[in-house]
Amino acid sequence: MRLSEYFLPVLRENPSEAQIASHRLMLRAGMIRQSSAGIYSWLRLGLRVLKKVEAIVREEQNRAGAQEILMPTIQPAELWRESGRYDDYGKEMLRIRDRHDREMLYGPTNEEQVTEIARAFVKSYRDLHKLLFHIQWKFRDEVRPRFGVMRGREFLMKDAYSLDIDAAGAKHAYNKMFVAYLRTFARLGLKAIPMRADTGPIGGDLSHEFIILADTGESAVFCDRRWLETDILAGEIDYAGDLEPFYKRWTALYAATDEQHDPASCPIPASDLVSARGIEVGHIFYFGDKYSRPMGAVVAGPDGEPVPIEMGSYGIGVSRLVGALIEANHDAAGIIWPESVAPFRVGLINLRATDPRSRQAADEIYGKLSAAGVEVLYDDRDESPGAKFATMDLIGLPEQVVVGPRGLAAGTVEMKNRRTGQRQDMSIESAFDRLVTCSPSPHPAAGKKRAKSAQP
Ligand code: ATP
Ligand code: MG
């Protein structure tokens with residue numbers, strides 16, 4: 001993509017409304033535009049990242065055997081009356097009336113909707129187990145929307161729902177999502193720690209929040225120091241097999257949110273305990289028949305007896321993750337994208353757009369890299385070198401290639417790694433080789449040891 005043609009409305013000044021780095025940088029890098037409090041348009045660069053995050057979330061859901069559907073954003077109030085949540089949900093729910101005066105709502109979550117689908121189509125224990133998911137916008141009229149997309153009112157969520165005949169089946173589904181979540185966040189280059197959590201308005205018996213550590217996180221959290229050195233993606237995973245040992249292993253290390261942590265009964269010594277702030281990026285629940293029973297989602301069991309479906313729900317904040325990724329990956333100059341979600345892998349800068357030789361060389365590198373399938377954003381504009389460097393650092397593409405008259409006279413271009421800051425002059429061929437041969441593989445297999453280059 002040529003920057004001269006691309007829609008990238010970067011801001012020079014720091015927007016005054018942004019309190020945290022990710023919000024500030026998303027506005028400055030032209031990723032989002034606020035529409036009203038907590039509601040945003042996603043511009044080109046922001047949308048590219050959102051789609052990449054979504055794709056990784058989807059791949060890991062598929063790998064775990066979840067099947068994608070798409071449920072609506074607008075739901076009938078009726079369903080929520082059946083579960084009893086229409087009144088409980090309070091002011092966070094955006095309530096709407098259609099032209100026939102029917103009560104509708106913009107879904108804050110989809111347990112009722114999926115239970116209605118289950119009751120319509122799942123009639124026998126033989127139809128179970130099922131794991132359904134969708135990636136859909138939600139609306140919650142938060143009291144204090146803030147921090148940009150981190151606490152929005154309209155936000156993108158992946159929510160999955162498991163349907164099983166008994167508690168053992170439901171726990172296996174819970175374990176599948178538990179594993180898929182650890183893998184998803186690890187592939188995004190984030191360390192998300194599962195913490196036993198309150199089940200809140202979703203209700204139920206078993207629940208974990210997945211929390212990444214960041215100074216600007218909204219909740220206080222505590223965990224075993226050893227969490228910081230774990231490698232989730234190492235080792236084999238067989239979703240059809242017994243996942244309980246994996247679950248036990250990753251819940252054995254102490255981790256708790258503020259509400260669950262009690263210093264008096266904490267099982268590890270204070271010297272091993274890390275006290276930090278965290279951002280919730282995912283939340284899983286097992287709630288049994290909380291919805292299936294009142295809504296009549298009942299199947300015929302093996303002996304013909306009616307059995308309410310055992311259910312769980314599993315959410316990931318897809319749009320929140322974009323902000324969380326920036327919180328975990330930035331410096332004073334701007335964003336530093338992990339390879340796995342970078343909007344483009346390479347930023348190509350032509351230092352002197354008016355110099356025919358530089359332009360020809362940069363055009364050629366751009367053409368060759370694009371043809372080799374490398375995603376390149378090519379700054380071909382007639383701007384000062386300072387402005388070009390600042391923009392590239394701000395938008396945080398992992399690799400920069402700088403083409404200018406002086407280097408070309410010596411037969412070289414400059415390569416800069418955004419994360420390490422390391423610069424190196426090299427021949428065009430070597431630069432090309434490095435960018436093409438070091439392309440990260442986007443599909444590390446669950447069952448295989450991860451290739452080095454796949455690590456974000
Ligand atoms: P929080 O405690 O942060 O308000 P929640 O517990 O209400 O979140 P869940 O119902 O568990 O949220 O939703 C699943 C996921 O959706 C959360 O883990 C989070 O990543 C994301 N999410 C929830 N609320 C918002 C929001 N207002 N803006 C962006 N993402 C959100
Ligand atoms: Mg939650």
Side-chain angles (χ1 to χ4, degrees), residues 20 22-23 26 32 34-40 42 46 50 53-54 56-57 61 73 85 88-94 106-114 133-161 174 177-178 180-182 184-185 188 190 192-204 206-214 216-221 256-260 277-287 290-291 312-328:
I20 62 170
S22 58
H23 188 195
M26 286 183 79
I32 51 169
Q34 183 173 311
S35 165
S36 60
I39 304 180
Y40 293 87
W42 290 76
L50 186 69
V53 172
E54 189 183 320
I56 290 178
V57 169
Q61 289 294 297
T73 52
R85 279 208 295 183
D88 291 355
Y89 223 96
K91 289 199 164 176
E92 269 196 21
M93 181 185 277
L94 180 64
Y106 195 124
T109 175
N110 288 63
E111 281 81 8
E112 283 77 358
Q113 190 73 71
V114 83
F133 78 101
H134 74 163
I135 300 177
Q136 177 63 292
W137 294 90
K138 305 287 184 282
F139 193 92
R140 294 182 186 174
D141 207 349
E142 302 271 357
V143 200
R144 273 187 75 202
R146 57 183 183 152
F147 301 157
V149 300
M150 298 266 266
R151 182 163 296 284
R153 293 197 296 165
E154 188 183 56
F155 60 96
L156 188 60
M157 195 202 285
K158 183 289 299 178
D159 35 327
Y161 302 88
Y174 189 91
M177 286 294 107
F178 186 92
Y181 275 39
L182 286 175
T184 302
F185 299 126
L188 293 168
L190 295 171
I193 304 176
M195 306 196 184
R196 265 310 271 264
D198 231 10
T199 51
I202 308 270
L206 178 61
S207 171
H208 284 89
E209 287 177 353
F210 289 76
I211 294 189
I212 63 164
L213 306 185
T216 44
E218 288 186 293
S219 36
V221 296
T257 58
D258 205 13
E259 300 111 50
Q260 306 275 322
R277 305 213 49 92
I279 301 170
E280 181 192 319
V281 287
H283 198 165
I284 61 178
F285 303 86
Y286 164 51
F287 47 73
K290 180 173 192 276
Y291 300 92
S313 71
Y314 314 88
I316 290 183
V318 177
S319 50
R320 175 180 286 183
L321 271 169
V322 177
L325 277 158
I326 298 175
E327 286 301 319

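When a ligand or atom number is given, it counts from 1 through the structure's own listing order. The residues of the chain are indexed from 1 along the displayed sequence.
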Flag, side chain of Arg146 to backbone of Arg151, donor-acceptor distance under 3.5 Å: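 Checking the backbone N and O of Arg151 against the side chain of Arg146, no donor-acceptor pair under 3.5 Å is found.
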Strictly under 4.0 Å, does any heavy atom of [X] approach an atom of ligand 1?
| X | value |
| --- | --- |
| Met150 | yes |
| Ser319 | no |
| Ile279 | no |
| Thr109 | no |

CA sep, side-chain torsions, deciding dist, call: Phe185, Ile316, side chain to side chain contact (heavy atoms under 4.5 Å, CB included): CA-CA 10 Å; Phe185 299 126; Ile316 290 183; 4.1 Å; yes
Checking the N or O distance criterion of under 3.5 Å, is ligand 1 in contact with [X]?
| X | result |
| --- | --- |
| Glu280 | yes |
| Arg151 | yes |
| His283 | yes |

Show the atoms of ligand 1 that are less than 4.0 angstrom away from any heavy atom in [X].
| X | result |
| --- | --- |
| Val149 | 29 (C) |
| Gly282 | 18 (O) |
| Glu142 | 24 (N), 26 (C), 27 (N) |

Residues Arg85 and Glu111 bridged, charged N to O under 4.0 Å: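 Salt bridge between Arg85 and Glu111, a charged N being under 4.0 Å from a carboxylate O: yes.
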Selected option - heavy-atom contact closest to atom 22 (N) of ligand 1, from Phe285, Phe155, Phe210: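 When every heavy atom of Phe285, Phe155, Phe210 is considered, Phe155 comes closest to atom 22 (N) of ligand 1.
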Heavy-atom nearest option to atom 9 (P) of ligand 1, drawn from Lys138, Arg140, Glu209: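 Result: the heavy atom closest to atom 9 (P) of ligand 1 is in Arg140.
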Ring center gap for Tyr181 and Phe210 short of 6.0 angstrom: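 Yes: the rings meet the under 6.0 Å criterion.
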For residues [X] and [Y], determine if any side-chain heavy atom of one lies less than 4.5 Å from a side-chain heavy atom of the other.
| X | Y | answer |
| --- | --- | --- |
| His134 | Met157 | no |
| Tyr40 | Glu154 | no |
| Glu280 | Thr257 | no |

Region of Met157 engaging ligand 1 - heavy atom pairs below 4.0 Å: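 The answer is the side chain of Met157.
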Apex the Mg ion (ligand 2) - arms ND1 from His283 and OE2 from Glu280 - angle rounded to 10°: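 Taking the Mg ion (ligand 2) as the apex, the two atoms subtend 100°.
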Derivation and outcome, side chain to side chain contact (heavy atoms under 4.5 Å, CB included), residues Leu206 and Tyr174: CA-CA 9 Å; Leu206 178 61; Tyr174 189 91; 3.7 Å; yes
Phe178 and His208 aromatic ring geometry - parallel, tilted or perpendicular at 30°/60° bounds: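 Aromatic pair His208/Phe178 classed perpendicular.
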